[in-house]
Amino acid sequence: MKKPFIVILTGAGISAESGLSTFRAQNGLWEGHDVNEVATYEGYQRDPIKVHEFYNMLRRKLNDPQVQPNAAHFAVAQLEQQLGQDNVLVVTQNVDNLHEKAGTTQIIHMHGELLKIRNEMTNEVIFCDYDVDYTRNKYLRPHIVWFGEIPLDMSYIYDALARADYFISIGTSGNVYPAAGFVQFARQHNVKTIELNLEPSLGNNLFDQKIYGPASKVVPEFVDTLIEKFKK
Ligand code: BV8
């Protein structure tokens, strides 16, 4: 059987069981932090040191040895291994590196990465797993897509969605665009759409199939059914 091309969109929910806060949960990430202060370019211009402190804190948390990929990340990586690198693309809204630590190689961080900083003058992107000291170099900003900024690799993502056989959305609430619009775009291209989440997302009515429960349980189960179906 011809192997399908699968695009997987992930959000904070897939990393929740790895100990990373989601955004809108009670003690969510934005809790206590004004999004406009720490996740907009205007906020960065107003107080770059506060913004660097926020991302230095997130980076330190991500570097905590306790924070490791969970069964959902490993299942997604296994799907790539089983179906092949040309048949699975992960598009993540997450800025953590847990997909890569689980073995995923075909991945786009559409909202940037915590372990990277960018030189605003040269646009050079640099690996960074340490606290950034803004006073030493004023041109280094977090390589993160803030609200009002254009997400990364959008045309590549839309091309992939248009030719996909399956669109699987995992651990996202469907609040933030353009990611929240991918399911509608996929439907317009006759792509089979599946939602795996703890609870119905804002766009849940747009999905052909919905499975609710913790990612570490529902994602491995769903991946097993896909591998079974296409291994022949
Ligand atoms: C842009 C980086 C122009 C920072 C982030 C149309 C309509 C309305 C508004 C807009 C629109 N178009 C644009 C906008 C404005 C804005 C936007 O969407 N605002 C919202 C708030 C209304 N969008 C933008 O500004 C974007 N830029 O539009 O540019 C453009 C666009 C296209 C082409 C050309 C030009 C840029 C947005 C990116 C901002 N940066 N992150 C950082 O991370 O520090 S967004 C950030 O928030 C995340 O990356 C993610 O995208 C979002 C959080 O959402 P989720 O990941 O879904 O997390 P959440 O907590 O909400 O939900 C978690 C889910 O998991 C829940 O459903 C929960 O039930 C589930 N869950 C929890 N535990 C588990 C679980 N599921 C399974 N298992 C579990 N254990």
Side-chain angles (χ1 to χ4, degrees), residues 8-44 50-59 61-62 69-73 75-76 90-99 108-118 141-159 161 168-185 194-204 207 210-222:
I8 301 174
L9 173 69
T10 65
I14 198 172
S15 296
E17 295 163 81
S18 296
L20 295 181
S21 311
T22 62
F23 288 74
R24 283 175 183 73
Q26 192 40 43
N27 60 352
L29 192 58
W30 305 124
E31 228 16 67
H33 294 87
D34 175 343
V35 168
N36 298 311
E37 283 179 14
V38 296
T40 64
Y41 193 69
E42 296 71 27
Y44 183 64
K50 169 191 273 196
V51 173
H52 273 297
E53 275 163 5
F54 177 66
Y55 285 99
N56 286 346
M57 176 271 288
L58 293 182
R59 203 175 290 114
K61 205 166 176 202
L62 182 59
N70 63 63
H73 296 105
V76 168
V90 173
V91 176
T92 187
Q93 300 167 80
N94 300 343
V95 295
D96 66 54
N97 63 342
L98 298 181
H99 278 299
I108 293 175
H109 285 270
M110 69 180 291
H111 292 164
E113 299 173 63
L114 264 179
L115 298 182
K116 290 180 179 172
I117 51 180
R118 185 167 81 239
R141 62 159 280 176
H143 183 54
I144 299 279
V145 177
W146 288 320
F147 288 94
E149 296 187 319
I150 298 177
L152 305 173
D153 305 317
M154 286 307 294
S155 52
Y156 186 93
I157 293 170
Y158 281 122
D159 288 353
L161 283 169
I168 305 172
S169 176
I170 302 173
T172 186
S173 62
N175 266 287
V176 172
Y177 287 79
F182 290 170
V183 60
Q184 183 69 300
F185 181 88
I194 299 118
E195 170 165 271
L196 308 178
N197 209 43
L198 198 58
E199 61 200 347
S201 71
L202 275 184
N204 72 83
F207 287 90
K210 306 159 220 194
I211 303 171
Y212 297 117
S216 64
K217 180 176 173 303
V218 297
V219 177
E221 288 168 1
F222 185 76

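Fair warning: this is a prediction, and the values are worked out from it, not measured in the lab. When a ligand or atom number is given, it counts from 1 through the structure's own listing order.
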Test side chain to side chain contact (heavy atoms under 4.5 Å, CB included) on Thr92 and Ile14; report intermediate values, then the result. CA-CA 10 Å; Thr92 187; Ile14 198 172; 5.7 Å; no

Apply the test salt bridge (Lys or Arg N to Asp or Glu O under 4.0 Å) to residues Glu149 and Arg141: give CA-CA distance (whole Å), side-chain angles for both, the deciding distance (0.1 Å), then the verdict. CA-CA 14 Å; Glu149 296 187 319; Arg141 62 159 280 176; 2.8 Å; yes

Apply side chain to side chain contact (heavy atoms under 4.5 Å, CB included) to Tyr212 and Val218, showing your working. CA-CA 7 Å; Tyr212 297 117; Val218 297; over 6 Å; no

Determine whether Gln93 and Leu9 satisfy the following criterion, side chain to side chain contact (heavy atoms under 4.5 Å, CB included), listing intermediate values before the conclusion. CA-CA 8 Å; Gln93 300 167 80; Leu9 173 69; 3.9 Å; yes

Side chain to side chain donor-acceptor pair (under 3.5 Å) between Asn70 and Ser216, intermediate numbers included: CA-CA 6 Å; Asn70 63 63; Ser216 64; 5.6 Å; no

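Atom numbering of ligand 1 starts at 1 in the shown order; those under 4.0 Å from a heavy atom of Asn175 are 20 (C), 22 (C). The Gln93 neighbourhood of ligand 1 comprises atoms 48 (C), 49 (O), 50 (C), 51 (O), with distances under 4.0 Å to a heavy atom of that residue. Applying the 4.0 Å criterion to heavy atoms of Ile144 picks out, from ligand 1, the atoms 2 (C), 4 (C). Atoms of ligand 1 found under 4.0 Å from any heavy atom of Ala215 (numbered from 1 in listed order, with element): 77 (C), 78 (N), 79 (C). Residue Ala12 has at least one heavy-atom neighbour below 4.0 Å for each of these atoms of ligand 1: 55 (P), 56 (O), 58 (O). Interface of Tyr55 with ligand 1, defined as ligand atoms under 4.0 Å from a residue heavy atom, comprises 4 (C), 42 (C), 44 (O). Distances below 4.0 Å separate heavy atoms of Gly148 from the following atoms of ligand 1: 24 (C), 25 (O).
Comparing Ser18, Gly11, Gly171, Gly213 by heavy-atom distance to atom 63 (C) of ligand 1, the nearest is Gly171. Among Leu9, Val51, Thr172, the residue whose heavy atom lies closest to atom 57 (O) of ligand 1 is Thr172. The heavy atom nearest to atom 69 (O) of ligand 1, considering only Glu149, Glu195, Glu199, Glu113, is found in Glu199. Nearest-heavy-atom check against atom 31 (C) of ligand 1 across Pro151, Ser21, Gly112 picks out Pro151. For atom 8 (C) of ligand 1, the choice among Tyr177, Phe147, Phe54 with the nearest heavy atom turns out to be Tyr177. When Glu17, His33, His111 are ranked by how near their heavy atoms come to atom 41 (N) of ligand 1, first place goes to His111.
Proximity of Val176 to ligand 1, defined as any heavy-atom pair under 4.0 Å, is shared by backbone and side chain alike. At a 4.0 Å heavy-atom cut-off, ligand 1 touches Ala16 through the side chain alone.
Side chain of Asn94 to backbone of His109: no donor-acceptor contact under 3.5 angstrom is found. A distance-only check finds no donor-acceptor pair linking the side chain of Lys50 to the backbone of Glu37 [under 3.5 Å]. Here the side chain of Arg59 pairs a donor or acceptor atom with the backbone of Leu114 at under 3.5 angstrom. Side-chain atoms of Thr40 come within 3.5 Å of backbone N or O of Gly43 as a donor-acceptor pair.
The shortest N or O to N or O distance between Asn94 and ligand 1 is not under 3.5 Å. Between Pro178 and ligand 1, no pair of N/O atoms sits closer than 3.5 Å. For Pro214, no nitrogen or oxygen atom sits less than 3.5 Å from a nitrogen or oxygen atom of ligand 1, counting backbone and side chain alike. Distances between N or O atoms of Gly174 and those of ligand 1 include no value under 3.5 Å. By the 3.5 Å distance cut-off applied to N or O atoms, Leu198 is counted among the residues near ligand 1.
Residue contact annotation: Ala179 has no non-hydrogen atom under 4.0 Å from ligand 1.
Below 30°, between 30° and 60°, or above 60°: for Phe182 and Tyr158 the angle between ring planes is above 60°, a perpendicular geometry. In this structure, His52 and Tyr44 have perpendicular ring planes: the angle between them is above 60°, well past the 30° mark.
By the side chain to side chain donor-acceptor pair (under 3.5 Å) test, His99 is found to be paired with Thr10, residues two or more places apart in sequence or in another chain being considered.
Residues Leu152 and His143 meet the side-chain proximity criterion, which asks for heavy atoms closer than 4.5 Å.
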